[in-house]
Amino acid sequence: MNNAQIAAKFELLADLLEFQGANAFRVRAYRNAARTIEGLSQQISDILEDESQKLTDLDGIGKDLAEKCQVLVETGELPQLDELQKKIPQSVLAMLRIPGLGPKKAAVIYNELKIATLDELKQACLDERIRELKGFGAKTEQTILNGIDLAATAEERTYWATADKLVQRLRQHLSEAKGIEQLEIAGSYRRGKETVGDIDILVTAKSPKAAMDRLGEFSELSEVIARGDTKMSIRLENNMQVDLRVVPAKSYGAALQYFTGSKEHNVKIRGIAKQHGLKINEYGVFRIEDDGSETYVAGKTEEEVYKALGLPCFPPELRENRDVLKLAEAGVPKLITVDDIVGDMHMHTNATDGKNTLEEMVNAAIERGYQYIAITDHSKRVSMANGLDSERLLEQWKAIDKLNKKLDGQILILKGLECDILEKGGMDLPDQVLEQGDWIIASVHYGQNQSKQQITDRIVGALENSNVCIIAHPTGRLINKREPYEVDLETVFQCAKENKKFLELNANPMRLDLNDVNCLAAKERGIPLGINSDAHNIEGFNVMQYGIKQARRAGLTKADVVNTRPWKKIQKMLGR
DNA sequence: GCCGTTTTCGGCCCGACTGTTTTCAGTCG
């Protein structure tokens, strides 16, 4: 059992305990442990075998959880978890994903009305039966109803980052199969969508049987749904479906093109083929002869498939619902890559809710070869994160000055802050303090339920503040968890443009905010975007790749992004 | 359930908002 699987078991246990009304700190202990385990660079099973190491030395792992890890590694099961799962149908956990519905209220609904699925819950809301329950009312009922669809899609879609880790394990596993010649993952995973439904694997193989046998041996498999001569479908323990298709070499490119999609992209491609007297499907590109017969024209590679249609081979990230002819005419842009990024300008330290010290973050950034980073801890309004007041902030900035001197140009540390935009408008810390910093980020964390006008006014106010450089996660959405707040982005774009300010593409795989469509809109309006990790520990730097993926889907190039430039250039852009 | 320790148990991130109820529990960030 690998670390991701162990972490998933602990997360599930935490969910179930929470639903049962267990001690909140106990629940948190499981979640903390899950997070620790997921971030480990070493496998738990290896640590167990290594005499010189102890699991209890890990952050948040005590005697009890160390034992549970051992049981999981040895048996693949956890008796306590099995017990709980027998008592509580897993479907009720979906209720916890509805914003505004926590463990206590969900338990009341389950116990009083015997409701265990989202469908039943929806019906109960429509029948106005929820408002009858003690502690509930019409408004709560409406809140639940509004959140059900979000919770329902969350059940079906996995974060790209999570899918990516799974894909890497699958690739590793299949690389040991005999007889696989070519292998690629198609579908929304390949297009880099924010969330992925299922995994489509495409292979050419000397022996399809050997390839399928190998897939059937995957350690995370829970059942084989179907298996034929060319296609096999399995379900994994995490409920995700994986399809394996074996195609002949002369159709590999066509199949890859076809199964990568998107559906809309393929519809357009088929139309273009038709105009050329061609037909395209998953087997290849065919010319329709006068007598109605079909001649194979291309299909071995994607490049030759697109070429046969007179088109450039679009990067998968650009195959959403776009005007392909216009894109081809303008020339496919040279999309940004992770190597173009020279600095990270949004991160936290243990002064607030980060895990690592200032020095640790800086060293990790040096190791990554960044030219500069901005330390941007929370301001005091974010009390749960131990946000900084003026005094503590100025102290931190002093420490940064000192560290910069000591490092002597190895890296530049910018004095930053993620300053809250207050509910009533205005910044959380006074201008006399903010003006002493290098890089002030402004964020909305509270009052997300305000009206469109209120929220837009708050953000516009921040953009008009001369100390503010950039707005972080401008719509506040959390994928699968929370809808974006109401904000008039067009007004925000206008205001950012007029004040020469930037907007953020937050690389956290749960945020990726701005989304691809809004990133493109910002690009078209000439507003530079900062792609930042929002790291809360040194591992957090790694999420930059997800932000880049999203940027590529928006068609962004190096020139569209702030932190591909040296700090001096950025200062100039800000008019400083 | 973890952690640190006055080595046996109390604190753990805590303040504000919302919708309920009529003084507060639940939820969120």
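Chain A is the first sequence line, chain B the second, and so forth, proteins listed ahead of strands; every chain is numbered from 1. Heavy-atom basis, side chains included; hydrogens, waters and symmetry copies ignored.
In this structure, A/R131 reaches neither bases nor backbone, as no heavy-atom distance under 4.0 Å exists between it and the strands shown. Among the atoms of the strands shown, none is found under 4.0 Å from any heavy atom of A/L96. At the heavy-atom level, A/A33 lies nowhere under 4.0 Å from the strands shown. At a threshold of 4.0 angstrom between heavy atoms, the contacts of A/K481 with the nucleic acid are absent.
Atom CG in A/D59 sits roughly 7 Å away from atom P in B/dC3 (whole-Å rounding). Straight-line distance from the CG atom of A/L133 to the C1' atom of B/dG26: 15 Å, rounded to whole Å. Counting to the nearest Å, the C1' atom of B/dG29 and the NE2 atom of A/H378 are 10 Å from each other. One atom, CD of A/Q142, and another, P of B/dT20, lie 11 Å apart when rounded to the nearest Å. Between A/D420 atom CG and B/dC14 atom C1' there is a gap of 15 Å when expressed in whole angstrom units. Going from atom CG of A/N386 over to atom P of B/dC14 covers 9 Å, rounded to whole Å. What separates CD1 of A/I144 from P of B/dG19 is a distance of 12 Å, to the nearest Å. Per the geometry, CD1 belonging to A/I61 stands 14 Å off P belonging to B/dG4, to the nearest Å.
Nearest to the side chain of A/A29, among B/dG29, B/dC2, B/dG26, sits B/dC2. Closest approach to the A/T140 side chain among B/dG29, B/dT20, B/dC12 is made by B/dT20 (side chain taken as heavy atoms from C-beta onward). Which of B/dG1, B/dT20, B/dG29 sits closest to the side chain of A/K139 comes down to B/dT20. Here the nucleotide nearest the side chain of A/D64, chosen from B/dC2, B/dC13, B/dG29, is B/dC2. Nearest to the side-chain atoms of A/M384 among the listed nucleotides B/dC13, B/dA16, B/dT27 stands B/dC13. In the set B/dG29, B/dT27, B/dC12, the nucleotide with an atom closest to the side chain of A/K104 is B/dT27.
If A/A385 and A/K134 are placed on DNA chain B by their nearest nucleotide, the residue sitting closer to the 5' end is A/A385. Along DNA chain B, the nucleotide closest to A/F25 and the one closest to A/A66 are compared, and the more 5′ of them pairs with A/A66.
Across B/dT18 and B/dT22, the matching C1' atoms stand 15 Å from one another, rounded to whole Å. A distance of about 29 Å separates the P atoms of B/dG29 and B/dT23, rounded to the whole Å. B/dC12 and B/dC17 have their C1' atoms separated by 23 Å, given to the nearest Å. Atom name C1', nucleotides B/dT21 and B/dC14: the rounded distance is 24 Å, in whole Å. Across B/dT8 and B/dC13, the matching P atoms stand 24 Å from one another, rounded to whole Å. Rounded to whole Å, the separation between the P atoms of B/dT6 and B/dG1 comes to 25 Å. The separation of B/dT20 from B/dC28, taken at their P atoms, amounts to 15 Å, rounded to a whole angstrom. Taking atom C1' in both B/dT5 and B/dC9, one finds a spacing of 10 Å when rounded to whole Å.
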I'd like a list of close polar pairs between nucleotides 7-11 of chain B and the protein, N/O only, cut-off under 3.5 Å.
none

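Under the 3.5 Å distance criterion, with hydrogens and angles disregarded, a donor-acceptor pair is assigned to the side chains of A/R458 and A/Q450. Side chain to side chain, A/D50 and A/Q53 meet the donor-acceptor criterion of an N or O pair below 3.5 Å.
Base pairing annotation: B/dG29 forms a Watson-Crick or G-U wobble pair with B/dC14, both donor-acceptor distances under 3.5 Å.
One finds a side-chain N or O of A/K68 lying less than 4.0 angstrom from the OP1 or OP2 phosphate oxygen of B/dG1. Regarding contacts with the backbone of B/dC28, every side-chain N or O of A/R482 stays at 4.0 angstrom or more from both OP1 and OP2.
No cation-pi contact links A/R477 to A/Y485, judged by a cut-off of 6.0 Å to the six-membered ring centre and 45° from its axis. Under the 6.0 Å distance and 45° angle rule, A/K68 does not count as a cation-pi partner of A/F10.
No close placement of the A/H346 and A/H536 rings is indicated, their centers lying 6.0 Å or farther apart.
Around atom CG of A/N449, no more than 12 heavy atoms belonging to other residues, nucleotides or ligands sit under 6.0 Å away.
Shortest non-hydrogen contact noted between A/N386 and A/T352 is O-CG2, 3.5 Å.
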- Message: ring pair (Phe, Tyr, Trp, His ring centres under 6.0 Å) for A/Y159 and A/Y546? Distances and angles first, verdict last.
- Response: CA-CA 10 Å; A/Y159 295 117; A/Y546 310 127; over 10 Å; no
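Taking the charged nitrogens against the carboxylate oxygens, A/R31 and A/D15 do have a contact shorter than 4.0 Å, which makes a salt bridge.
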